[in-house]
Engineer: 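Questions regarding the structure given below will be posed in turn.
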Amino acid sequence: CSRWEEEKNEDGVKWMQLEHRGPYFVPPYEPLPKDVHFYYDGKPLKLSLATEEVATFYAKMLDHEYTTKEIFQNNFFHDWRKEMTSEEQEIIKDLDKCDFGEIHKYFVDKNEARKALPKEEKQKLKEEADKIQEEYGYCILDGHREKIGNFKTEPPGLFRGRGEHPKMGMLKKRIMPEDVIINCSKDSKIPKPPEGHKWKEVRFDNTVTWLASWTENIQNTLKYIMLNPSSKLKGEKDWQKYEVARRLKDVVHTIRAQYRKDWKSKEIKKRQRAVALYFIDKLALRAGNEKEEGETADTVGCCSLRVEHIQLHPQLDGQEHVVEFDFLGKDSIRYYNKVSVEKPVFKNLQLFMKNKDPTDDLFDHLNTTFLNKHLQHLMDGLTAKVFRTYNASITLQEQLKALTNPEDNIAGKLLSYNRANRAVAILCNHQRSIPKTFAKSMQVLQEKIDAKKKQVEEAQEEVKKAEDEFKDTKDAKAEANVEKKKKLLKRLEEQLAKMNIQATDKEENKQIALGTSKLNYLDPRITVAWCKKFGIPIERIYNKTQREKFAWAIDMTGEDFEF
DNA sequence: GTCAAGACTTGGAAGAATATTT
DNA sequence: AAATATTCTTCCAAGTCTTGAC
């Protein structure tokens, strides 16, 4: 427990000692074998090394949908040409005349070969990977050996954005030591750059938590090497996050009363803020920062909603004042929802939309800075995202309370947990694409259930038969047989029940992604307390990685914890 | 105050490892 | 033992919010 209770540093100091080996650099490009050809306009063409490398990036992605998109193709071709020699540029002028088929096949085969490797070979590869992990995967932070989250530089390749990203297909350059800034403590063993290279910079900044950083060339933003979630530093931060959310619980009623009042404010700015905050609170929308146009996919959050993203229905399906939301949120995940809102909200929305074009901002007098300033004023540390954390965690707690039946067996209780988890994921709009094999595996499961049902019926008859025989004979052997058959029946019934639960869970879960809420929104102490209260082993809910991440919560939480 | 850069959290997909079935 | 399904891990993009420069 003590590990989580050491006093914390003031004034933004994150550590006193930080020592590490620097990032692990991905191996250099390996040229294609002589017999693997690239063809242009039907004729084999030997490419220069740099050109060939970029060609392999595209070739590897050939059976991915990305490569069918025009933007992807254009961006790729544009960047590829920049890598070409002038002779190659003279020849290769049309992507449609490029044939990467052989290169593609080479990598597919190589992959297969790797999978088919004998056990010992695989073992050897694993040991090599472990050695690298051992060497580069850890650092020393204030005397503790801590796991690093991402200790490898990102390999070069083609940028894959999400959704309709204008930069998809662009060339992501190889990261060299000369691009990398190292951060560590002055008196530590400073990491050595790879032979013949030097770092961009070595700095000693203990007000930040990253160990190394570089600027990536697509969006020109920084990438960092940071600690694993199991580290003390990250764990404490996580804990802190949930403590802020718990403080919101005490003032949320006041805040709700306040924004209701503000719906009628004389200032349009305040009204917009109050309506936006209502959405953020009720629907768990993200804040919605402004984004640079044309640099990323067109996605929005609350403050950046446009008129075209909502439709107002005074009446719909027997409900009043319905707002129909339809927009792309983070990662271009669609948010679609029809919500009956309070009348003043509806009236305000009508007002905000008046005389505007579909592409105009709905909240044209509002941005996240203004909103967060206001929230900060209402509670120390309060920002828009805290509402998501708060509402997610409180929902889990309430749902667990409502759904858990102490009489249920473990499988039943786990189903309840999953359902509570699911309620949160739905609130936060955490979706996944339906797994490719979903329909098939569902069918297989259904067939198993049917077979099991039959078995149960048969076992029932067996029991009856045995009982009849016992009635007739009254002998001990027949009595034992009755017991035996009953036992079998019971076991089969339990198996059937478990399968039914599994099927229900699977069906309800097909389009919902539970991971994100579990990892980022649900105070783990709620889960730990629930497990303790109902005698569920924590491993049934959290796998090893998750237990490491939530070690702080597992350490400190009793069964009576309340969020 | 404004704007861009910086730091850190959150996000689903893909790939790897493991479990289960055939 | 191979094939298939499921779970776990890695990857890296895309958000939020803070900080720093002017």
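Each chain gets a letter, A, B and so on, in the order the sequences are listed, and its residues count up from 1. The figures that follow rest on heavy atoms only: side chains count, while hydrogens, waters and symmetry mates do not. Note that this is a predicted model, so its numbers are computed, not measured.
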Engineer: Please give, in whole Å, the distance from dT18(C) P to N289(A) CG?
Structural biologist: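 From N289(A) CG to dT18(C) P: 10 Å.
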Engineer: Would you kindly give the NZ-to-P distance between K223(A) and dC11(C), to the nearest whole Å?
Structural biologist: 12 Å
Engineer: Contact class for K167(A) vs. all strands (heavy atom < 4.0 Å): base, sugar-phosphate, or nothing?
Structural biologist: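 No contact.
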Engineer: Can you see if the side chain of K330(A) gets near the phosphate of dT16(C) - specifically, an N or O under 4.0 Å from OP1 or OP2?
Structural biologist: no
Engineer: Using a 4.0 Å heavy-atom cut-off, does K506(A) contact any base of the nucleic acid, only the sugar-phosphate backbone, or nothing at all?
Structural biologist: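 Sugar-phosphate: the residue K506(A), judged by heavy atoms under 4.0 Å, touches backbone atoms but no base.
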Engineer: Atom OH of Y224(A) to atom P of dG6(B): distance rounded to whole Å?
Structural biologist: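 The answer, rounded to whole Å, is 7 Å.
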Engineer: Using a 4.0 Å heavy-atom cut-off, does A297(A) contact any base of the nucleic acid, only the sugar-phosphate backbone, or nothing at all?
Structural biologist: nothing
Engineer: Which part of the nucleic acid, if any, lies within reach of K544(A) when heavy atoms closer than 4.0 Å are counted: base, sugar-phosphate only, or nothing?
Structural biologist: nothing
Engineer: Base, sugar-phosphate, or nothing: which does I333(A) touch, judged by heavy atoms less than 4.0 Å apart?
Structural biologist: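 Touches sugar-phosphate only.
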Engineer: For K518(A) and dT9(C), give me the distance from atom NZ to atom P, rounded to whole Å.
Structural biologist: 12 Å
Engineer: As a test of reading the structure: which of dG15(C), dC8(C), dC12(C) is closest to the side chain of R286(A), going by heavy atoms?
Structural biologist: dG15(C)
Engineer: Under 4.0 Å between any heavy atoms, over every strand shown, what does R162(A) touch: base, sugar-phosphate, or nothing? Just pick one.
Structural biologist: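 It contacts base atoms.
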Engineer: Write down the distance between CG (N543(A)) and P (dT10(C)), rounded to a whole number of angstrom.
Structural biologist: 11 Å
Engineer: Looking only at side-chain atoms of R432(A), point me to the closest of dC17(C), dA13(B), dG11(B).
Structural biologist: dA13(B)
Engineer: What are the two closest non-hydrogen atoms of I182(A) and P191(A), and how far apart are they?
Structural biologist: CG2-CG, 3.5 Å
Engineer: Report yes if a side-chain nitrogen or oxygen of S433(A) is closer than 4.0 Å to either non-bridging phosphate oxygen (OP1 or OP2) of dA13(B); otherwise report no.
Structural biologist: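 So the side chain of S433(A) is within the cut-off, an N or O lying under 4.0 Å from OP1 or OP2 of dA13(B).
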Engineer: Return the value, rounded to whole Å, for the distance between atom CD of E290(A) and atom C1' of dC17(C).
Structural biologist: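 Checked: the CD to C1' distance equals 13 Å.
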Engineer: Mind checking if G288(A) touches a base, just sugar-phosphate, or nothing, with heavy atoms under 4.0 Å?
Structural biologist: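 Since only primed, P, OP1 and OP2 atoms lie under 4.0 Å of G288(A), the category is sugar-phosphate.
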Engineer: Is there a side-chain contact between F25(A) and R174(A) in this structure, where contact means two heavy atoms from C-beta onward sitting under 4.5 Å apart?
Structural biologist: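 In short, these two side chains do not touch, never coming nearer than 4.5 Å.
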Engineer: Counting only N and O atoms by type, is there a donor-acceptor contact under 3.5 Å from the side chain of N429(A) to the main-chain atoms of R334(A)?
Structural biologist: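 Checking the backbone N and O of R334(A) against the side chain of N429(A), a donor-acceptor pair under 3.5 Å is found.
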Engineer: Determine the interplanar angle of the F327(A) and Y335(A) rings, folded into 0 to 90°, and report it as parallel if under 30°, tilted if 30 to 60°, perpendicular if over 60°.
Structural biologist: parallel
Engineer: Report yes if a donor N or O on one partner sits less than 3.5 Å from an acceptor N or O on the other, where the partners are the side chain of K385(A) and the base of dT10(B); otherwise report no.
Structural biologist: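 No, no donor-acceptor pair under 3.5 Å.
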Engineer: Judged by each residue's nearest nucleotide on DNA chain B, which is more toward the 5′ side, Y521(A) or W210(A)?
Structural biologist: W210(A)
Engineer: So, does K241(A) get its side chain near the phosphate of dT10(B), meaning an N or O under 4.0 Å from OP1 or OP2?
Structural biologist: yes
Engineer: Less than 4.5 Å apart, any side-chain heavy atom of Q219(A) and any of F159(A)?
Structural biologist: yes
Engineer: Starting at CG of N228(A) and ending at P of dC8(C), how long is that distance when rounded to a whole Å?
Structural biologist: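 Roughly 16 Å, once rounded to whole Å.
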Engineer: Would you please confirm or rule out a distance under 4.0 Å between OP1 or OP2 of dA14(C) and any side-chain N or O of H165(A)?
Structural biologist: yes
Engineer: Within less than 4.0 Å of OP1 or OP2 of dT9(B), is there a side-chain N or O belonging to K234(A)?
Structural biologist: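 Yes, because at least one side-chain N or O of K234(A) sits under 4.0 Å from OP1 or OP2 of dT9(B).
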Engineer: Toward the 5' end of DNA chain B, which comes first, T516(A) or N220(A), by nearest nucleotide?
Structural biologist: N220(A)
Engineer: What contact category does N372(A) fall into here, base, sugar-phosphate, or nothing, at under 4.0 angstrom with non-hydrogen atoms?
Structural biologist: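 Counting heavy atoms under 4.0 Å across all strands, the contact made by N372(A) is with sugar-phosphate only.
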Engineer: For dG15(C) and T299(A) - does any side-chain N or O of the residue sit under 4.0 Å from the phosphate oxygens OP1/OP2?
Structural biologist: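 Checking T299(A) against dG15(C): at least one side-chain N or O falls below 4.0 Å of OP1 or OP2.
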Engineer: What is the nucleic acid contact for Q431(A), judged by heavy atoms within less than 4.0 Å: base, sugar-phosphate only, or nothing?
Structural biologist: sugar-phosphate
Engineer: Look at K172(A) and dA13(C) and indicate whether a side-chain polar atom (N or O) is within less than 4.0 Å of OP1 or OP2.
Structural biologist: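 Answer is yes, contact under 4.0 Å.
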Engineer: Can you tell me if H430(A) touches the phosphate of dG11(B), counting only side-chain N or O atoms and a distance under 4.0 Å to OP1 or OP2?
Structural biologist: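 Answer is yes, contact under 4.0 Å.
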Engineer: What's P155(A) touching, base or sugar-phosphate or nothing? Going by heavy atoms closer than 4.0 Å.
Structural biologist: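 Sugar-phosphate, backbone atoms only, no base.
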Engineer: Is the terminal nitrogen or CZ of R547(A) (NZ for Lys, CZ for Arg) located under 6.0 angstrom from the six-membered ring centre of Y542(A) and within 45° of that ring's axis?
Structural biologist: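 Geometry flag: not set, cation outside 6.0 Å or 45°.
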Engineer: Tell me if the aromatic rings of F325(A) and Y336(A) count as close, with their centers under 6.0 Å from one another.
Structural biologist: no
Engineer: Just checking T209(A): base, sugar-phosphate only, or nothing, at a heavy-atom cut-off of under 4.0 Å?
Structural biologist: sugar-phosphate
Engineer: OP1, OP2 of dG6(B) versus side-chain N and O of T221(A): anything below 4.0 Å?
Structural biologist: no
